[in-house]
Structure formats: C-alpha cells, structure tokens
Peer 1: 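Take this structure first; my questions come after.
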Amino acid sequence: MTDSTKTAKYIASDIPKAYDPHLAESKHYQRWEAQGCFAPEKNRDPQAPIFSIVIPPPNVTGSLHMGHALQHTLMDVLARYHRMRGYRTLWLPGTDHAGISTQIVVERELKKEGLTRHDLGRERFVARVWQWKEQYGSRITEQLRREGASVDWSRERFTMDEHLSRAVREAFVRLYEEGLIYRGDYIINWCPKDQTALSDLEVEKEPFQGKLYYLQYPVKGSDRRITVATTRPETMLGDTAVAVNPHDERYRELIGQTVILPLVGREIPIIADESVDPDFGTGAVKVTPAHDPNDYEMGRRHNLPHVIVMDQHARMTEAAGPEFAGLDRYEARERVVQRFSELGLLERVEDYEFAISRCDRCRTVIEPLISTQWFCRMNEMARAALEALARGRGPRFIPEVPWTKVYSDWLENIHDWCISRQLWWGHRIPAWYTEDGRLIVARSEDEARAKAGTDRLEQDPDVLDTWFSSALWPFSTLGWPDETEDLKTFYPTSVLVTARDIIFLWVSRMVMTGLKFVGEVPFRDVVITALILDKHGQKMSKMKGNTIDPLDLFDRYGVDATRITLAAASTGTDVRWRDEQVESFRNFANKIWNAARFCLLNAEGATVGRGFSEDRGRWALHDRWIVSRLNRVTERVNAAIQSYEFHDAVQALYHFFWDDFCDWYIELAKVDVTASEASPAVVDARSRLLTILEQALRLLHPFMPFITEEIWHRLPGAGKAQLHPAYADAEPTIMLASFPQSDAARRDEQAERQMQSVIDLIKRVRNIRSEMNIKPSEHVRVLVGAADAHLREVFVAYVPHISRLARASEVLIAERLEAPRASARAAVGGAEVAVPLEGLIDFAAERERLRRERAKLEKEAEKINAQLANTGFREHAPAEKVEEVKRRLADIEQRLKSLAQALEALG
RNA sequence: GCCCGCUUAGCUCAGUGGUAGAGCACUCGUUUCACACGCGAGGGGUCAGAAGUUCGAAUCUUCUAGCGGGCACCA
C-alpha cells in the first residue's frame, strides 16, 4: 500500500460490520518479524536512548498460562511504547532448560517404550532430551508470536546454548576460586521420587494431620525409662542420642547416662542441649543426626555419630537392622510402632498437626538426607545486594510495598544455596576428580587436565540447579563473560516484569550475580504483577483443574481484547478473572472497528494529518474540544505507562475513544462529513476525523497491536509521514510511528467548557424526551434561554447538531426563555431549556420530575452552604478551594432559580 | 509466633485530604443511514466496624472483625 497518495473510497461491503480479530492476527506479525521491526537495529538514530527487557524465560516444557499472558502483555506494552518513542528497544526472548521438569517429561516418554534413562546411559539420554527440545521446545515460542510479543527473535536464547553454558562454567569457576562455592556433606532436602537434592526454595511446607508417638527408651542399669516424643518413629533406628534441657530438673540426674535403644540394642548417651524445649512433649528428644536438620546440628555440637537408616529411595538400609532393611519409610513406621507396642514401650499416640515438606514439582514428601553436595555461600553477595538497595542502586520494586521489604528481609536471613542436582539434564558441574582423589575445578576438561597434570580425570556427575543458569540470564544472554556490544548497550536492563513467587528463586539471585559479575544491578525497575485468580478467588492450578487457557481466550475474544483486559487488570492486587470483562473489551475492539468504518466510509478526498488549519481561531468549537481532549488523554497515557499504571492508561483510552470520540465527536462531525458534495470544507472535516482517529490508534497500539495496525493501513495518508524519525527508512507500520506526546498549546479549557454546555444541553433535552416518553420518531421544539451572549453564540452555531442529536425540529435561542405553559423544562449551567409538549405533557409528572431535580440540588446546596458557613473551612482551606466551592454553589443556585421558575410556569 | 495485604454499587475493581467512580449486571425506551459486540435515558453505595487527627477523612493514626498471603518454629 502506498501512503500519502492513497485515497480512500470504501464502499460499505469492503469493511465487514463486525470486527474479526483473526484476520488481523494472522497477517501482521509475520511482516513485522520479517522486516526486522523487533530488532533494535531498526532504529537508525545513533543517539537514541536505550530501552531493554529480558523475558523471564519460560520452561521449554511449558505452555502459555495466564501469568505469562499478563507479564508478556505488560512487557510488550512497554517495548512497543518505547520503540514508538524512538528508544533503541530490545526485548530479548528465550527459554529455560528446566532441569527436573524436562528430564521427567522425557523419562515418561521412555517409559512408554519400556525404557529408563539408565537403559540408555547418560550420553544417549541427554541426546534424547535435546531431540525432544528441538521437536517440542518451540511450542511456547510460537505462543509468544500469537500474543503479538515484539521480541527480537534474532537474539533468542536458551539456557543450555553453548554460550550460556560457558557463562555458567565461568561463573562457577570464579565463585569457586573466591571460596564462595564449596562442596561437602550436609543434610539437604532430598526428593525420593525425582532422585535429586533440592534447595530450600524448592520445597513447600504444608500443614499435615499426623500423629505424635511417645516412645519409651530403657535407661541402662536401672528400671527407669525415658520417654521421647516423635512424629517419625522409624527414624529411631538411627538415633545416636537422647537430649534434654540442661536446666530440666526432671532429667538432671540422667544426663551422662546411657539408654539402650529398643529394637536395635545400641547404647546411646543422654546429653544436655539448650535447644531442647522442656515444655514440648516430654522434654526429652531423640536425636537422629543423619535424618533431621535440627538433630544434624545437635549432632555436630556433641560429636554424635551418623547412622544412616534410609537410602535415596526412602527405603530402610542394612543399618536399620535385618527386620527393617528394605522396607519403605512408611512401612517401617508401622512396623516400629507395632514392635514398640508389643514390647510395652509405646506410651501413647496423639493426634498432632505439623508441617511436612513436599517437593514443589512432584509433591512427594521430602526426606532430609545427608549427602555430598555443592553449595553457594550467599552471605557476602546478599550483603552487597542489600547495600545496593540502601544506596539507591536498585532495584526499585513496583509496587514498592510490600515487595521491597519482602526482598530485603529474605536477603537479610539468607542461607547457603544447594546448587547441585542429581540429574542428567542440565549444566554439568565443571569439577573433575583425579584418581588420587584431588578435586579440580576448571572452565573446561582441557583446563582441568592441565591443572591436574594428568588425563585420567572423572567429571563430577551432578548438574547445576536450573536457577543457577537463570541467575545469570540478564547478562549471559547479552554475551557475558565476553564484553560484547550488546552487554555494553543493553545492560543493565530497564525493567523486569515477573511474578511474585520467584522473587527469591530468581530476582534476588540475578541481583546478586549481576552485582558480582557485572558490577551493576541488572534492572532499574522490577514490576511484580498481580495474580490472576479464577472467578471464585482461587489460585489457578492444573491440579485443581481451574486454569484458564489464554489461547482459548484468544480464539474466543481475540488477542487484542485479551491483552487490554490483562493490562486493565494489572494493579498490585490480585484479580478474579471474569470472561465478561474480556467480552466488554471485545466490544471495545468492535467499537474501534466500527468507528474506523464510519470514518473510512466518509473519507473520500480526505487525508490523515490535514484539515486542521494553522489558524486555530478559525477552528470549530468541537475541533478545538476534541484536540484538547486528545491532548489530555495523550498526557495521561504517557504518564501512566511510564509509571507502570497500565490500568489507568486503559481507562483513559477507553473513555476517550468511546465517550469523547465516538459518542460526541463523530456524532457532531456527521453534520459536516456526510454532505453529498465534497466541498473543501467537507473534505477538511473528513480529514480531521481521520487525523484524530489515527492519533488514537497510535495511543492504543501498544495495548492492541493487531486491530490498530489493520485499520492504520487502510487510512489514507497514514504512512511514512507518521514514522518516528529513528525509523525514517522503514516500511510504514504503526508500530514504528511516533507515539503521540502532549503539548500544552493544544489544551483549550474554554473550548472544553463551552462544548460541555452544548453536551449538557443535548443531554437535558434527551432526558426530557425519555422521561416524557416521547417516541424517537417524534421531533420536538427546543427553546433555550441564555443570558450570556457568548454562550448564545455557541448554541446558535450548534443548532444543526443539537437538532440532530436531540431530535429537534426547531431550536430557538433567546436571551430569556419564553415557553408555553405546557413545556418540560430543565436548567443547565448558564442556560435554561424548555421543550413545548402540547397535549403530551403530564403536568403532574413534570412537576414531580422537577421537584426530584430540585431536591437533589437543594441537598447539594445545603452541604456546600454548611461547608462555607464553617469558619474553620474559610480560614484553613486554601483560597483556591474556597473559590471553587463558591462557584459551585453559585451554579447550583442559578439552576435552582431556573427550576423554581419552571415550576411556577407550570402553575 | 512475626510481618504484610485486602474489605468501596448485585458482581469484578479504580479511586492517597476537598462534589463517591468505571465495566458488567439491572430498569425503561429504541432496529435512527459506523456499530444490537449498538444507541438514548435511568435506578443503585453508613466506602467492614469503632475511636482519633483535621476546618474537612473512602483517603492519615490506633483498635476490632472477616478474608487472603509471606516468613520462622514445630521432637
């Protein structure tokens, strides 16, 4: 399509009456992508400011959910907005290798073939996962395209890319060399199903209705027994002590003595430890250092041996004794309890609620196990992050409350991070062992050989926590550890948009690594989005089956409607999803479509950008008015997007478009543009209509990219002329047009006030018509009295419009209202209006209507009078405010006077 | 146990000291030449409750109640 020479001559059938979103959705994205519109290189201005976002990488195994749709919408609004403002804009896409999830998915596939990953062996299994990734990993990226996400596909990244893997090894080696990564035996969270260690953040605590078992242990050399309480009796097989509080009188003389562990026969000491709460249970605690984190700590303090009675499958080991070895942990529990009962050593069992830890992926109950793992020391890095925050180096959370505090509280109480996972899919830990047991950490196997001085090395079998690579995402994707142009240009990024549940897991870790490796917090702002709940206020989850599929919404309502609904809902507080809401925005899209349809059907000879002559003094009032209103919404939308108040931008756009533009401007313009002869004045009026529409489309584009592009291309005169100078050589597209900016010179308070009088007048007449039950086909006479000469002039100029919109056969404007007795009357600011209703008026009903109106005004006047009578108000309130209130009162009083006269006239 | 958020029209939510708002739903009218996914006109709220600060409170403070969330402990 050519631009400025394009002339619109549409016939009604060229433009369907109802907007079909799928048409526009199927055609524009491909072209944008093909023309490189998403790449920052499209911007030719060397001085252009920078705007950059990295996407929170979705799992390759994943499918789009509502949280993604919300986040992507907001990111896209920001990216499109800044791009249109001439920023060199990068929104970098990519996916995450999602270690456990992906491995599980592929293992499940193998199972169908009757195989396990062990049948294949590590190398072939990993190859198989890659194969899976190539085949299915594009699902989520295709969904991003469907959403209209303006991401730069030329910079798409995957956490397992060679380059990003190099960044992972580099980070690991540097941290290791600084002593921030260490390896050792500690008690960790073990998932017996996934067969791997997990970090504290990957387990979920959940209340559990369990039992508290009171077990009696015989004290050696006496007939005394000491009773301990436990929720996990099976672990008693691994007890290596019983602990009591040193100040507990009941047990004082037992400290230092020995008990004989029932079922096992092991002799274990009774020790004293301050951590024992004398008021809980019996005040005596069994100590199982190998199977409980607290006991582990106590064991360290008292040098207790570790007896490992459970293996990685949560089955009892040989050390548990022949009677129990091989049993599952729950079978063992039953057996232990039964045996204690038989021995008369089970004192009692109580119902007891406590918290159990579950694997947040598979819900299996976590088993605390001692094992050799790699850890990252977090203290120092957390302190650096806290200091950056305190010094205003970021990040700034939006909304600030409560996230800043949530973030800093977590950093202040940080624990070391278990980073090794017993998986095959992931970044293998860059550590090797020599035959003589030396540990070599290196960037590559070659480097390790050189360091070790031998070729006979074995690499550590474990891989790193997926979040370890995610933590590097904002800079590894831009080329780190190389000092690339991209890294220099786009780091730190402008903003991160993400969900609250990964503030610790991801956001804080990116801050820490960003500071550590690049020296700067990786993003200026962090937008934490609301949660989308189902209509009952429940969190959506696959398990509950209450999820809503964004793709389904796209099909039913269109992408644009879904996007703007999400943008409108995106405040700090969670929102319940209701389809009715999308429906109303689908209606909005249809409204936009039909407004454009009207403009185009009346566009012959007209061109975007024309029709507003230089001499503003000659503009019609409604033209000055719409330009002022447009300027107002432009200002508000810009401000709202910049402060991440997307819902406010949507509100402003919705009401400007629907109320101001459609309900009034188009309706008023009909008088001018539908003339049969295309005189210069008519063409100008048509051009003005197109010009305002085109501006509105640009304001809407970041929220509704498809419909705006579709219409924009049909507008005569929309083309290169509207492109932002930074994209001057690009093919015309609204996504590279300048985003409108407000201009104080276009504000026109007087026009807004005068236009409001016209609008009010029309509304009063319509109100009378409605209340008097006048048929739409019936045209009425409208009599207007206005003392102010300027206002009379305005009304006179708008007689044709008033006639049309109030369905009047005649409109008479006079200084004083003179109307027959049989008239319905109303008062507007500065004017009185009467509608003669010979034979139609019900005097009683009309009196009733006027009295209702008067009562309303009197109530308001009373309130204002009371306020003005208050000396405190007059003395303390700002003079400006007092004046405003006085003006309001004067206006009300004038209208009351008119009403009184109207009632009098009725008799 | 500690911390935080929310409570505004029937529903879902905006609204940070000065006239209580929107969308949907509802009522009435309407197929008027862009749009019935529309047009026009309406009704509807002790802003959870109490006390305070202030000339003035949905808005600031304290307390109470209900709902929701996070963290810690849990033998």
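Residue numbering restarts at 1 for every chain, and letters A, B, ... go by the order of the sequence lines.
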Peer 1: Return the value, rounded to whole Å, for the distance between atom CZ of A/Arg807 and atom C1' of B/rC33.
Peer 2: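 So the CZ-C1' distance, A/Arg807 to B/rC33, works out to 11 Å.
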Peer 1: Identify all stems in which RNA chain B takes part, counting only runs of at least 3 consecutive pairs (Watson-Crick or G-U wobble, each distance under 3.5 Å), and give each as one range with another, ordered by first number.
Peer 2: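 RNA chain B stems, ordered by first number: B:1-7 with B:65-71, B:10-13 with B:21-24, B:26-30 with B:38-42, B:48-52 with B:60-64.
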Peer 1: Considering only heavy atoms, which members of residues 759-769 of chain A lie under 4.0 Å from some atom of RNA chain B?
Peer 2: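 Those residues whose heavy atoms fall under 4.0 Å from RNA chain B, taken from residues 759-769 of chain A in numerical order, are A/Lys763, A/Arg766, A/Asn767.
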Peer 1: May I have the distance from A/Trp403 (atom CH2) to B/rG5 (atom C1'), rounded to whole angstrom?
Peer 2: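 To the nearest whole Å, that distance equals 9 Å.
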Peer 1: Salt bridge check: are A/Glu883 and A/Arg888 linked by an N-O gap of less than 4.0 Å?
Peer 2: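 A/Arg888 and A/Glu883: not salt-bridged.
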Peer 1: Hey, can you tell me if A/Phe340 and A/Tyr217 have their rings parallel, tilted or perpendicular (30° and 60° cut-offs)?
Peer 2: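 Ring orientation of A/Phe340 relative to A/Tyr217: tilted.
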Peer 1: Has A/Asn594 got a side-chain N or O lying under 4.0 Å from the OP1 or OP2 atom of B/rG38?
Peer 2: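 Answer no for this pair, as no side-chain N or O of A/Asn594 is under 4.0 Å from OP1 or OP2.
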Peer 1: Just the rounded figure in Å: distance from P of B/rA41 to CZ of A/Arg849.
Peer 2: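 Distance, rounded to whole Å: 14 Å.
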Peer 1: Between A/Tyr19 and A/Trp593 (judged by ring centroids, cut-off 6.0 Å), do the two rings come close enough to count as a pair?
Peer 2: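 For A/Tyr19 and A/Trp593, the ring centres are under 6.0 Å apart.
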Peer 1: Is the shortest side-chain N to carboxylate O distance from A/Arg329 to A/Glu367 below 4.0 Å?
Peer 2: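 Salt bridge flag = yes for A/Glu367 with A/Arg329.
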Peer 1: Using the P atom in both, what is the distance from B/rU59 to B/rU16, to the nearest Å?
Peer 2: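 Rounded to whole Å, the distance is 12 Å.
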Peer 1: So, for A/Leu70 and A/Ala530, which heavy atoms are closest and what is the spacing to 0.1 Å?
Peer 2: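 Scanning both residues, the minimum pair turns out to be CD2-O, 3.5 Å.
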Peer 1: Does A/Lys670 get its side chain close enough to the base of B/rA34, under 3.5 Å, for a donor-acceptor pair?
Peer 2: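 Per atom types, the contact qualifies.
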Peer 1: Taking the P atom of each, how far is B/rA48 from B/rC6, in whole Å?
Peer 2: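 To the nearest whole Å, 12 Å.
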Peer 1: Taking the same atom, C1', in B/rC67 and in B/rU61, what whole-Å distance lies between them?
Peer 2: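 After rounding to an integer number of Å, I get 23 Å for this pair.
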Peer 1: Could you please spell out the steps behind the salt bridge (Lys or Arg N to Asp or Glu O under 4.0 Å) verdict for A/Arg764 and A/Glu853?
Peer 2: CA-CA 12 Å; A/Arg764 297 319 295 174; A/Glu853 178 79 15; 3.3 Å; yes
Peer 1: Take atom P in B/rC39 and the same atom in B/rU54, then report the distance between them in whole Å.
Peer 2: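 Their P atoms lie roughly 49 Å apart.
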Peer 1: Students often get this wrong, so: under 4.0 angstrom with heavy atoms, is A/Ile15 touching a base, only sugar-phosphate, or nothing?
Peer 2: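 If one applies the 4.0 Å heavy-atom cut-off, A/Ile15 turns out to touch nothing in the nucleic acid.
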Peer 1: Measuring only the C1' atom in each nucleotide, how far is B/rA9 from B/rG23? A whole number of Å is fine.
Peer 2: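 After rounding to an integer number of Å, I get 12 Å for this pair.
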Peer 1: Could you give the distance separating B/rC13 and B/rC3 at their C1' atoms, to the nearest angstrom?
Peer 2: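 B/rC3 and B/rC13 have their C1' atoms separated by 26 Å.
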Peer 1: Check A/Arg348 with A/Glu350, please: is the shortest side-chain N to carboxylate O separation under 4.0 Å?
Peer 2: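 So A/Glu350 pairs with A/Arg348 through a salt bridge.
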Peer 1: Hey, does the side-chain of A/Glu667 have a donor or acceptor N/O within less than 3.5 Å of a partner on the base of B/rA34?
Peer 2: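 Donor-acceptor pair under 3.5 Å: yes.
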Peer 1: Atom CZ of A/Arg804 to atom P of B/rU32: distance rounded to whole Å?
Peer 2: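 So the two atoms are 13 Å apart, to the nearest Å.
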Peer 1: Over all strands shown, is A/Asn294 touching base, sugar-phosphate only, or nothing at heavy-atom distances under 4.0 angstrom?
Peer 2: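 The residue A/Asn294 makes sugar-phosphate contact but no base contact.
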Peer 1: Would you say A/Lys591 places a side-chain N or O within less than 4.0 Å of OP1 or OP2 belonging to B/rC39?
Peer 2: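 So the side-chain polar atoms of A/Lys591 do come within 4.0 Å of the phosphate oxygens OP1 or OP2 of B/rC39, strictly under.
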Peer 1: Heavy atoms, side chains only, cut-off 4.5 Å: are A/Leu896 and A/Glu858 in contact?
Peer 2: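 Yes, side chains in contact.
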Peer 1: Please report the distance, rounded to the nearest Å, between CZ in A/Phe585 and P in B/rC35.
Peer 2: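 My rounded result for the distance is 23 Å.
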Peer 1: Closest-nucleotide mapping onto RNA chain B: is A/Lys17 or A/Phe504 further toward the 5' terminus? I mean the 5' end.
Peer 2: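 Its nucleotide being nearer the 5' end, the pick is A/Lys17.
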Peer 1: Mind checking if A/Val287 touches a base, just sugar-phosphate, or nothing, with heavy atoms under 4.0 Å?
Peer 2: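 Contact class for A/Val287: none.
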Peer 1: Are A/Asp574 and A/Arg500 ion-paired here, with the side-chain N under 4.0 Å from a carboxylate O?
Peer 2: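 The answer is yes: the pair qualifies as a salt bridge.
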Peer 1: How would you label the contact of A/Asp574 with the nucleic acid (heavy atoms, under 4.0 Å): base, sugar-phosphate, or nothing?
Peer 2: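 Touches sugar-phosphate only.
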Peer 1: Between A/Lys211 and A/Asp351, does any NZ, NE, NH1 or NH2 come within less than 4.0 Å of an OD or OE carboxylate oxygen?
Peer 2: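 Yes.
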Peer 1: Report which part of the nucleic acid A/Asp409 touches: base, sugar-phosphate, or nothing (heavy-atom distance under 4.0 Å, all strands).
Peer 2: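 Here A/Asp409 touches no strand at all.
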Peer 1: Quick one: is B/rC37 close enough that its OP1 or OP2 comes under 4.0 Å of any side-chain N or O from A/Arg586?
Peer 2: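 No, outside the criterion.
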Peer 1: Between A/Phe585 and A/Tyr654, how do the two ring planes meet: parallel, tilted or perpendicular, split at 30° and 60°?
Peer 2: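 Ring orientation, 0 to 90° scale: perpendicular.
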Peer 1: For the C1' atoms, the ones on B/rC47 and on B/rA14, what distance do you get once it is rounded to whole angstrom?
Peer 2: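 Those two atoms are separated by 13 Å.
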Peer 1: For A/Phe588 and B/rG38, give me the distance from atom CZ to atom P, rounded to whole Å.
Peer 2: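 About 12 Å, once rounded to whole Å.
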Peer 1: Could you check how far CG of A/Asp672 sits from P of B/rC33, rounded to whole Å?
Peer 2: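 It is 20 Å, rounded to the nearest whole Å.
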Peer 1: Between A/Glu645 and A/Arg636, does any NZ, NE, NH1 or NH2 come within less than 4.0 Å of an OD or OE carboxylate oxygen?
Peer 2: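 Salt bridge flag = no for A/Glu645 with A/Arg636.
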Peer 1: Find out whether the Lys NZ or Arg CZ of A/Arg586 is both under 6.0 angstrom from the six-membered ring centre of A/Tyr557 and within 45° of the ring's axis.
Peer 2: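 No, a cation-pi geometry is absent between A/Arg586 and A/Tyr557.
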Peer 1: Over how many whole Å does the gap from A/Gln538 atom CD to B/rC67 atom P extend?
Peer 2: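 Checked: the CD to P distance equals 14 Å.
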Peer 1: Assign each of A/Ala355 and A/Lys856 to its nearest nucleotide of RNA chain B by heavy atoms, then name whichever residue's nucleotide is nearer the 5' end.
Peer 2: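 By nearest-heavy-atom nucleotide position, the 5'-most residue is A/Lys856.
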Peer 1: Think A/Thr573 has a side-chain N or O under 4.0 angstrom from the OP1 or OP2 of B/rA14?
Peer 2: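 Yes.
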Peer 1: Under 4.0 angstrom, heavy atoms only, what part of the nucleic acid is A/Cys599 near: base, sugar-phosphate, or nothing?
Peer 2: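 Here A/Cys599 touches no strand at all.
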Peer 1: Walk along nucleotides 16-26 of chain B from 5' to 3' and tag each nucleotide B, S or - by protein heavy-atom contact under 4.0 Å, base first, then sugar-phosphate.
Peer 2: --BBS-SBS--
Peer 1: With rounding to whole Å, what would you report as the distance between B/rC28 and B/rU64 at their P atoms?
Peer 2: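 That atom pair is separated by 48 Å.
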Peer 1: Measure the acute angle between the ring planes of A/Tyr407 and A/Phe397, then classify it against the limits of 30° and 60° as parallel, tilted or perpendicular.
Peer 2: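 Rings of A/Tyr407 and A/Phe397: tilted, 30 to 60°.
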